[in-house]
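To start, the structure under review is shown below, and the notes come after it.
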Amino acid sequence: MDTTGREAAFPAVRPRRLRRGPALRRLVAETRVLPENLVLPMFVKEGIGEPVAISSMPGQFQHTRDSLRRAALEAAEAGVGGVMLFGIPARKDERGSAADDPHGIVQEALRDLSKDVGDALVVMADLCLCEYTSHGHCGPLETDGHVDNDRTLERYASIAAAQAEAGAAVVAPSGMMDGQVAAIRAGLDGAGFARVPILAYAAKYASSFYGPFREAAEGAPRFGDRSGYQQDPANVREALREVALDVAEGADMVMVKPGLAYLDIVAKVAQASPVPVSAYQVSGEYAMIEAAAERGWIDRERAILETLTSYRRAGAEQVLTYWATEAARLLR
């Protein structure tokens, strides 16, 4: 009773009842991140004798073939779902010849990984040319300096076949060329790799969050930028159109990149897509959290798991993250 003689009003609905203790919170959690939801992006560089630390991505390395194999085995033992391989050749030219060289660094590394961990996780290969071209753009250039879309498609089809031959379980075109999925599907089928699926970077934005990746992959454009082929960050309908086109051309999975600043896009794509949806927690996101944690401004492990949960909550079935191995261990 209160001082006026009336019964005190109490809330009839008490959501806090289900928040009492970690066991109860786990029991009623709506969203879960599992180790097998995670994909580890990895870099392998030709011509180095030991791993090279990436200064803008603390804890990440440009690997030798041997150190790559060790890191991939650690990922498999942690229960990670897959790895995504990026290569850095010793020599670059205008057409990116090393990208489909049977003895190129990525093809050699794919043979290693498919043999070592191919039964334990999914070995994926990023399919683009920016790491291989002397100019740093994602395909051969026209005389005016713009990327020649259709010549690039021919290169992508050849690269896909080379990667599949080397053991890639999934090829992942990231160049945002018009018609790239159809060209790659035809190239794979024509080379006898009809069973190899395509994970299309379907909605890849021209983002400022790729900065550290350019150090990691050594693929920054020598001039201009990639706004002529990557998407405008302002656009939503364009992303949905790109996804629909890639699915119609034969994409088996689609990706949104980056992720954290584009969770609305991840959610809309997940609602519309008839195929599995991935999202990429890119280098800038990784670097920001690492930098803030190093200064004591945030709880590092909580921030890692919280951001991964946000990807899954938005609808991504797979999350590409540089923390994949560490996060998998935390989740277990």
Side-chain angles (χ1 to χ4, degrees), residues 37-39 41 81-86 99-100 110 121-130 138-139 147 149-150 152-165 167-207 226 229-231 235-259 262 265-282 311-312 314-320:
N37 299 136
L38 307 178
V39 176
V83 295
M84 179 71 75
L85 189 58
F86 297 84
D100 54 350
L110 284 170
L121 49 70
V122 181
V123 177
M124 308 182 190
D126 179 82
L127 197 167
C128 196
L129 280 165
C130 56
C138 297
V147 175
N149 191 95
D150 294 359
T152 300
L153 298 186
E154 296 174 4
R155 296 289 296 120
Y156 285 3
S158 177
I159 296 165
Q163 291 178 341
E165 177 68 38
V170 175
V171 298
S174 59
M176 289 298 291
M177 296 296 124
D178 294 339
Q180 64 181 15
V181 172
I184 289 167
R185 185 73 272 159
L188 288 170
D189 292 356
F193 299 107
R195 295 182 179 180
V196 173
I198 298 170
L199 166 56
Y201 288 64
K204 182 178 179 180
Y205 285 86
S207 172
R226 298 184 178 127
Y229 40 102
Q230 295 177 356
Q231 284 187 230
N235 294 348
V236 177
R237 289 193 300 270
E238 183 181 28
L240 297 176
R241 185 186 186 200
E242 289 278 12
V243 168
L245 286 168
D246 281 359
V247 171
E249 290 178 17
D252 301 282
M253 299 180 280
V254 294
M255 186 194 299
V256 176
K257 180 182 180 180
Y262 297 85
I265 308 299
V266 176
K268 290 179 184 296
V269 169
Q271 291 172 357
S273 174
V275 300
V277 175
S278 301
Y280 199 139
Q281 186 174 48
V282 298
Y311 280 90
R312 293 280 291 134
E317 282 106 341
Q318 303 85 33
V319 183
L320 283 79

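Note that this is a predicted model, so its numbers are computed, not measured.
- Ring geometry for Y205 against Y262 counts as parallel: the plane angle stays under 30°, on a 0 to 90° scale with 60° as the upper cut.
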Legend entry - Evaluation steps, side chain to side chain contact (heavy atoms under 4.5 Å, CB included), between V123 and L121: CA-CA 6 Å; V123 177; L121 49 70; 4.0 Å; yes
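- A pairwise comparison of heavy atoms in S278 and A316 identifies C-CB, 4.4 Å as the closest pair.
- Looking only at distances, no side-chain donor or acceptor of K257 sits under 3.5 Å from a matching main-chain atom of V282.
- One distance of note links CZ of R241 with CG of N235; it measures 11.5 Å at 0.5 Å rounding.
- Using a 4.5 Å heavy-atom threshold, the side chains of L127 and Q180 count as separate.
- Note that the CD1 atom of I265 and the CG atom of L240 stand 7.0 Å from one another [nearest 0.5 Å].
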Inset, instruction - In sequence, state the C-alpha distance, the side-chain angles, and the governing distance for V170 and M253, and then conclude on side chain to side chain contact (heavy atoms under 4.5 Å, CB included). - result: CA-CA 10 Å; V170 175; M253 299 180 280; 4.0 Å; yes
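- For the pair E242 and K204, the minimum side-chain heavy-atom distance is 4.5 Å or more.
- Atom CD in Q281 sits 9.5 Å away from atom CG in L38 (nearest 0.5 Å).
- In this structure, the separation between CE on M84 and CE on M124 is 5.5 Å, given to the nearest 0.5 Å.
- Across all their heavy atoms, A99 and C128 have their closest contact at CB-O, 4.5 Å.
- Here the closest non-hydrogen pair linking V277 and G315 is CB-O, 4.4 Å.
- Within the 4.5 Å cutoff, side-chain heavy atoms of Q318 are placed close to those of P276.
- Separating the CD atom in Q231 from the CD atom in E238 is a distance of 4.5 Å, to the nearest 0.5 Å.
- Applying the ring pair (Phe, Tyr, Trp, His ring centres under 6.0 Å) test to Y311 and every residue at least two apart in sequence or in another chain returns nothing.
- Nearest heavy atoms, G187 versus A161: O-CB, 4.4 Å.
- Sorted pairs that involve residues 266-276 and meet salt bridge (charged side-chain N to carboxylate O under 4.0 Å, His left out), not counting sequence neighbours, are lacking altogether.
- By the side chain to side chain donor-acceptor pair (under 3.5 Å) test, T152 pairs with no residue at all, sequence neighbours left out.
- Between L153 and M177 the shortest heavy-atom distance is CD2-CB, 3.9 Å.
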Legend entry - Test side chain to side chain contact (heavy atoms under 4.5 Å, CB included) applied to I198 and L188, step by step: CA-CA 10 Å; I198 298 170; L188 288 170; 4.0 Å; yes
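- Residues satisfying the side chain to side chain donor-acceptor pair (under 3.5 Å) criterion with E317, sequence neighbours excluded, are absent altogether.
- Considering every non-hydrogen atom in both V147 and C138, the closest pair reads CG2-N, 4.4 Å.
- Put simply, OG on S174 and CG on L199 are 10.0 Å apart, with the number rounded to the nearest 0.5 Å.
- E165 places no side-chain N or O within 3.5 Å of a backbone atom of F193 that could act as its donor or acceptor partner.
- Proximity of V39 to L320: side-chain heavy atoms (C-beta onward) are separated by under 4.5 Å at one or more points.
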Inset, instruction - I would like to know whether Y201 and D126 meet side-chain hydrogen bond (donor to acceptor under 3.5 Å, both in side chains); could you show each step before the answer? - result: CA-CA 9 Å; Y201 288 64; D126 179 82; 2.9 Å; yes
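- For D252, the side chain to side chain donor-acceptor pair (under 3.5 Å) criterion is met by no residue, not counting sequence neighbours.
- The side chain to side chain donor-acceptor pair (under 3.5 Å) check on D100 picks up R155, S158, with sequence neighbours excluded.
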